[in-house]
Amino acid sequence: MSTPDATPASYRYTSSLAGDIERRWQDRWDAEGTFEAPNPVGDLAGDTGSGEKFFIMDMFPYPSGAGLHVGHPLGYIATDVVGRYRRMRGDNVLHALGYDAFGLPAEIHAVQTGEHPRTNTESNITNMRRQLRRLGLAHDPRRSFATIDADFVRWTQWIFIQIFESWYDEEQDRARPISELRAAYESGELTAPDGASWAELGPLERRILIDSRRLAYVDESPVNWCPGLGTVLANEEVTSEGRSERGNYPVFTRNLRQWKMRITAYSDRLIDDLERVDWPDSVKNMQRNWIGRSHGARVRFEVEAAGTSFDVFTTRPDTLFGATYAVLAPEHELVETFTAEAWPTGTPHAWTTGAGTPAEAVSAYRAVAAAKTDLERQENKDKTGVFTGSYATNPVNGEQIPVFIADYVLTGYGTGAIMAVPGGDQRDWEFAEAYGLPIIPTVQTPEGWEGAYAGEGPAINSAHATNDGTGLDINGLGVEDAKAAVITWLQQHGAGEGTTTYRLRDWLFSRQRYWGEPFPIVYDDFDQPIAVPDHLLPVELPDVPDYSPKTYEPDDADSEPQPPLARADDWVRVTLDLGDGPRTYRRETNTMPNWAGSSWYELRYTDPHNADRITDPENEKYWLGPRTDGETGGVDLYVGGVEHAVLHLLYARFWHKVLFDLGHVTSEEPFQKLFNQGYIQAYAFKDERHVYVEADRVEERDGGFFFEGRPVIREYGKMGKSLKNIVTPDEMYDAYGADTFRVYEMSMGPLDVSRPWDTRAVVGSQRFLQRVWRLLVDEDSGESLVDDAELDPATLHVLHTTIDGVRGDMEHMRFNTAVAKLIELTNHLTKVGVSARAAVEPLVLMLAPLAPHLAEELWSRLGHEGSLTHAPFPVADPAHLAADSVTCVVQVLGKVRGKIEVSPDISDEELTALALAEPNVVRSIDGRDIRKVIVRAPKLVSIVV
RNA sequence: GCCGAGUUGGCGGAAUGGUAGACGCGACGGUCUCAAAAACCGUUGUCCGAAAGGGCGUGCGGGUUCGAGUCCCGCACUCGGCACCA
């Protein structure tokens with residue numbers, strides 16, 4: 001690396017000079033607390049100023065031990081540029097960075113090394129802080145935290161208790177304290193689902209009734225059990241292949257007692273409020289699809305032989321006349337009830353699978369289905385099933401239709417049972433073909449249509465006459481009208497009603513892991529959960545000899561989860577006085593998923609040291625509250641990758657809404673504006689053995705790529721150690737300095753687009769900063785080159801159009817074009833040899849958000865005392881935006897045939913005359929009649945002949 | 001299959017319906033140097049032409065318009081999400 005002494009130009013802006021400047025300013029910013037943002041109240045209280053507040057957040061990092069590559073800081077640089085720009089606009093900017101520090105990698109490391117996960121995690125945080133500090137990010141260091149800090153865990157647990165101690169009031173459409181539910185039962189305003197009154201219930205029954213309504217509850221239900229990881233997983237953590245997102249182990253559906261959060265109560269609000277936030281449409285759509293709201297009908301099918309009925313959900317009640325059989329999911333709770341004693345006479349062989357009785361066939365089928373992973377269920381799309389031996393009554397026409405069980409019907413969606421309409425549904429069609437079931441079309445198909453038809457058309461075969469005239473007849477109606485008619489009829493006849501179902505399931509919240517927040521829950525002798533009182537929070541993790549859950553063979557579906565905390569006997573047994581004297585309780589031994597901390601961390605930035613509340617209401621209202629009535633409030637700008645579209649971003653919205661309902665926050669949404677940055681990707685190279693070779697040693701020539709003289713194949717994708725294509729920020733700091741690195745990342749392209757890293761191209765950004773430096777500083781002597789000359793008109797024009805453009809680009813986060821405009825200004829000043837203060841001061845100020853260290857250095861060399869952090873961002877003077885002359889384009893039949901330099905305020909007539917006089921235009925017209933002349937003075941004349 | 005985003009030079013990318021390719025990389029030529037590197041200056045969509053100038057050109061096929069990368073219709077391909085969701 002060159003040093004200042006190695007070249008004649010001792011004061012050239014080289015990497016080492018940049019490094020000196022950058023470290024010096026970083027130390028000074030720290031010492032002066034330059035980026036500390038004042039709060040309205042509390043320990044960080046100060047003068048919040050007259051400007052707007054602006055709260056920026058990055059999706060906080062997991063402190064991985066692997067270190068950073070150049071892709072990681074992209075979003076952090078972008079938010080830093082926005083924050084620095086907003087400060088120069090006079091805003092009070094809150095920007096800090098915490099660490100999402102619970103999670104599996106640290107626990108796996110701990111299991112392997114025996115070292116406590118906290119030790120490793122904290123050293124990773126230290127290392128990451130060091131790497132990021134070198135970038136010069138303008139964060140308020142007082143507001144940084146990690147989700148593993150005892151103080152943070154305390155409030156995570158406190159929020160859990162808030163959720164545990166509340167229920168969802170469907171009438172008022174909001175969460176309310178559980179005490180109000182108890183009061184409603186006591187007063188008789190509400191009764192238990194079975195109609196029992198509060199007075200009739202015993203103490204335990206009362207508790208079970210209350211517990212069943214909580215927003216955080218224990219429930220035995222089908223969950224994703226992953227024996228390979230030894231834990232259960234949320235739906236969102238299972239891939240579409242039915243494997244764990246972490247570790248890629250098989251996942252099985254098992255009925256287990258686990259903690260859940262009633263996120264489904266918020267389905268409608270989570271969908272509807274997407275309209276009120278400024279988020280990318282793609283993310284909104286992903287959330288809508290994930291919640292999966294569908295409108296339809298619930299239809300009751302009586303099974304007379306069994307003396308009971310089952311409900312199905314359908315989005316197409318208009319096709320009810322085409323329902324020729326019904327299917328229950330194999331796990332449906334009524335399967336046994338519907339399983340007949342013996343096969344009805346004439347049952348086709350295919351329906352029985354050769355079993356002697358329905359019970360044998362059903363239990364064999366259920367056993368096979370239970371042993372399948374979700375992946376196996378998905379891979380095999382051949383329709384299979386068995387007949388239960390029972391028939392159900394189609395309510396619209398009284399037809400007896402056979403009831404099957406089949407694994408193409410899912411237990412978790414709708415009612416876990418369907419009416420099968422082979423004429424209108426491809427899956428039902430396939431099943432009907434396989435089992436010889438009748439197919440009745442109920443919608444007129446287009447000419448020549450084969451197979452199931454799900455499209456528009458008039459209803460056919462859809463009438464049933466009854467003696468009393470109450471029969472349903474929808475023939476001829478369109479799909480929408482038919483749906484409405486059927487729902488009305490079902491409601492009148494007590495056979496069903498219109499309803500809405502959701503794909504979203506309640507959030508499985510417990511994990512059998514060590515490295516997570518313990519639940520603030522104990523169990524009493526009745527085995528019922530009780531919240532640990534606030535003053536005993538946080539419940540801290542005990543030290544244990546072994547951090548691993550009991551894991552199993554990945555394919556061992558019958559294994560049972562066993563959390564590591566269950567082995568810490570001294571911790572599990574605890575004596576507490578919960579108001580009725582000291583008693584022994586048993587602690588909950590599951591831990592929270594690593595989504596817990598990130599579900600509320602935006603709140604803690606606003607009041608990070610508050611010991612009495614998650615955040616003071618004044619601070620929350622100032623930083624997050626709605627600016628005007630009807631707004632949701634929330635973080636002003638949240639930047640991160642799209643990979644959290646349905647995980648973190650859905651959970652965080654849910655928790656925030658609960659806290660809003662309970663009156664703890666004034667904002668209805670956590671993140672008002674969301675921006676997904678793209679990824680920086682990289683090329684990787686493989687040799688003829690398909691082994692990756694070091695990418696930085698590959699040469700490109702003759703249109704091919706070579707490593708040590710041998711041809712290699714190029715691939716495009718992620719940066720990764722195994723791909724041998726990692727480029728680290730540290731390498732960039734050493735070779736160019738942080739400012740060059742920042743400018744390069746911002747100039748590569750639009751922030752939301754992914755693009756390949758190209759180390760060779762970074763030098764362009766360095767050359768740009770060197771040119772800026774050379775405008776102000778003599779490279780040989782280090783003397784200032786700045787003078788007080790007046791600006792010529794052309795320079796004034798370039799300067800002010802640049803100011804105008806850069807401001808617009810900053811407002812809309814178009815940093816790539818902002819950099820391009822600053823380069824153009826710099827190139828202009830270099831070309832005309834202008835180093836006048838009137839030009840270079842605004843240049844330095846505009847550069848400050850992007851290359852803050854260099855800008856601070858030049859600002860002080862311009863004679864200013866303090867930091868330019870709060871110096872005003874330049875404002876364009878409209879008087880200088882208009883150019884002295886503009887190039888007018890003359891088109892003939894839409895093709896450019898001439899250009900004229902004209903005054904900006906030229907009249908249409910004058911311009912037309914000039915255009916028609918242009919020699920090349922005259923030649924193009926070639927004597928033809930002019931039919932029309934379109935004039936857009938002063939930029940364009942279009943001549944039609 | 002459904003939903004969403006995209007397709008512009010050798011590469012990353014610019015372009016309120018009005019000069020396509022700003023800015024940067026690379027490449028080519030030059031200055032400086034004993035030489036090289038760095039730095040600086042110039043050229044660079046493509047074809048015809050000595051030049052002036054002209055033809056072609058934003059994935060493909062149509063359309064609207066004086067004028068389309070941009071708007072409309074259809075298609076292909078790439079990427080992302082969901083997927084036996086009734």
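Order of the sequence lines sets the chain letters (A, B, ...), proteins ahead of strands, with each chain counted from 1.
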Do the numbers put [X] on top of the ring of [Y], so that NZ or CZ is under 6.0 Å from the six-membered ring centre and no more than 45° off the axis?
{"X": "A/K383", "Y": "A/Y408", "result": "yes"}
{"X": "A/R12", "Y": "A/W773", "result": "no"}
{"X": "A/R653", "Y": "A/W279", "result": "yes"}

Starting at [atom1] of [X] and ending at [atom2] of [N], how long is that distance when rounded to a whole Å?
{"X": "A/K932", "N": "B/C66", "atom1": "NZ", "atom2": "C1'", "result": "6 Å"}
{"X": "A/Y13", "N": "B/A38", "atom1": "OH", "atom2": "P", "result": "19 Å"}
{"X": "A/I934", "N": "B/C66", "atom1": "CD1", "atom2": "C1'", "result": "3 Å"}
{"X": "A/D318", "N": "B/A86", "atom1": "CG", "atom2": "P", "result": "14 Å"}
{"X": "A/R293", "N": "B/A86", "atom1": "CZ", "atom2": "C1'", "result": "18 Å"}
{"X": "A/N676", "N": "B/G81", "atom1": "CG", "atom2": "C1'", "result": "12 Å"}
{"X": "A/R503", "N": "B/A86", "atom1": "CZ", "atom2": "P", "result": "10 Å"}
{"X": "A/L751", "N": "B/G13", "atom1": "CG", "atom2": "P", "result": "13 Å"}

task = Considering non-hydrogen atoms only, spot the tightest contact between A/Y435 and A/T384 and give its length.
result = OH-CA, 3.4 Å
task = Specify the closest pair of heavy atoms between A/T802 and A/K821, including all atoms of both residues, with the distance to one decimal.
result = CG2-O, 3.7 Å
Using a heavy-atom cut-off of 4.0 Å across all strands, would you classify [X] as base, sugar-phosphate, or nothing?
{"X": "A/K899", "value": "base"}
{"X": "A/D428", "value": "nothing"}
{"X": "A/S294", "value": "sugar-phosphate"}
{"X": "A/P280", "value": "nothing"}
{"X": "A/V646", "value": "nothing"}
{"X": "A/V896", "value": "sugar-phosphate"}
{"X": "A/A761", "value": "sugar-phosphate"}

query = Going by a 90° cut-off around 0, is B/G6 syn or anti?
reply = anti
task = Map every base of RNA chain B to its dot-bracket character, where paired means a Watson-Crick or G-U wobble contact with both distances under 3.5 Å and | marks a partner outside the strand.
result = (((((((..(((.....[....)))((((((.......))))))((((....))))..(((((..]....))))))))))))....
Those residues that, when tested against [X], pass salt bridge (Lys or Arg N to Asp or Glu O under 4.0 Å) (two or more places apart):
{"X": "A/E497", "result": "A/R298"}
{"X": "A/R760", "result": "A/D758"}
{"X": "A/E824", "result": "none"}

key: With A/F685 via ring-ring contact (aromatic ring centres under 6.0 Å, His included) - residues at least two apart   =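 Partners of A/F685 by the ring-ring contact (aromatic ring centres under 6.0 Å, His included) criterion, ordered by chain and then number, come out as A/F705.
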What nitrogen or oxygen pairs link the protein and nucleotides 2-12 of chain B at under 3.5 Å?
unit_1: B/G12; atom_1: O2'; unit_2: A/M748; atom_2: O; d: 2.8

With rounding to the closest Å, how many angstrom separate the [atom1] atoms on [N] and [M]?
{"N": "B/C25", "M": "B/A38", "atom1": "P", "value": "12 Å"}
{"N": "B/C23", "M": "B/C77", "atom1": "C1'", "value": "29 Å"}
{"N": "B/G45", "M": "B/U19", "atom1": "C1'", "value": "15 Å"}
{"N": "B/A50", "M": "B/U33", "atom1": "C1'", "value": "36 Å"}
{"N": "B/U58", "M": "B/C79", "atom1": "P", "value": "24 Å"}
{"N": "B/C84", "M": "B/A22", "atom1": "P", "value": "49 Å"}
{"N": "B/G26", "M": "B/G74", "atom1": "C1'", "value": "39 Å"}
{"N": "B/G81", "M": "B/C75", "atom1": "P", "value": "25 Å"}

Partners meeting side chain to side chain contact (heavy atoms under 4.5 Å, CB included) with A/D696 (sequence neighbours left out) = A/E694
ask   = Listed by chain and number, what are the side chain to side chain contact (heavy atoms under 4.5 Å, CB included) partners of A/D506, not counting sequence neighbours?
value =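 With sequence neighbours excluded, A/D506 shows a side chain to side chain contact (heavy atoms under 4.5 Å, CB included) to A/Y217, A/K260, A/R262, A/I263, A/T264, given in chain and number order.
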query = Mind checking whether A/Y683 and A/Y716 have parallel, tilted or perpendicular rings, split at 30° and 60°?
reply = tilted
query = What is the ring orientation for A/F301 with A/F310, classed by angle as parallel under 30°, tilted 30 to 60°, or perpendicular over 60°?
reply =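 Parallel.
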task = Give the nucleotide from the list B/G18, B/A86, B/G54 with an atom nearest to the side chain of A/S924.
result = B/G54
request  = Could you check which of B/A86, B/C66, B/C23 has an atom nearest any side-chain atom of A/I823?
outcome  = B/C23
Would you tell me if any nitrogen or oxygen in the side chain of [X] comes within less than 4.0 Å of OP1 or OP2 on [N]?
{"X": "A/S765", "N": "B/G24", "answer": "no"}
{"X": "A/K895", "N": "B/A20", "answer": "no"}
{"X": "A/R288", "N": "B/C82", "answer": "no"}

key: Salt-bridge criterion met for A/R928 and A/D926 (N-O under 4.0 Å)   =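 Salt bridge between A/R928 and A/D926, a charged N being under 4.0 Å from a carboxylate O: no.
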note = B/S/- along nucleotides 39-53 of chain B (protein heavy atoms under 4.0 Å) is SS-S----------S
inquiry  = Within the 4.0 Å limit for protein heavy atoms, which parts of nucleotides 67-80 of chain B are touched? Write it as a string from 5' to 3', B for base, S for sugar-phosphate only, - for none.
reply    = S-------------
query = So which of residues 798-817 of chain A are in contact with RNA chain B, with a heavy-atom cut-off of under 4.0 Å?
reply = A/N816, A/T817
All N/O donor-acceptor pairs, side-chain side in residues 887-902 of chain A, below 3.5 Å, sequence neighbours left out:
unit_1: A/T887; atom_1: OG1; unit_2: A/E901; atom_2: OE2; d: 2.6
unit_1: A/E901; atom_1: OE1; unit_2: A/S885; atom_2: OG; d: 2.9

query = For A/K821 and A/M419, take the nucleotide of RNA chain B holding the closest heavy atom to each; which residue's nucleotide lies nearer the 5' end?
reply =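 Closest to the 5' end, via its nearest nucleotide, is A/K821.
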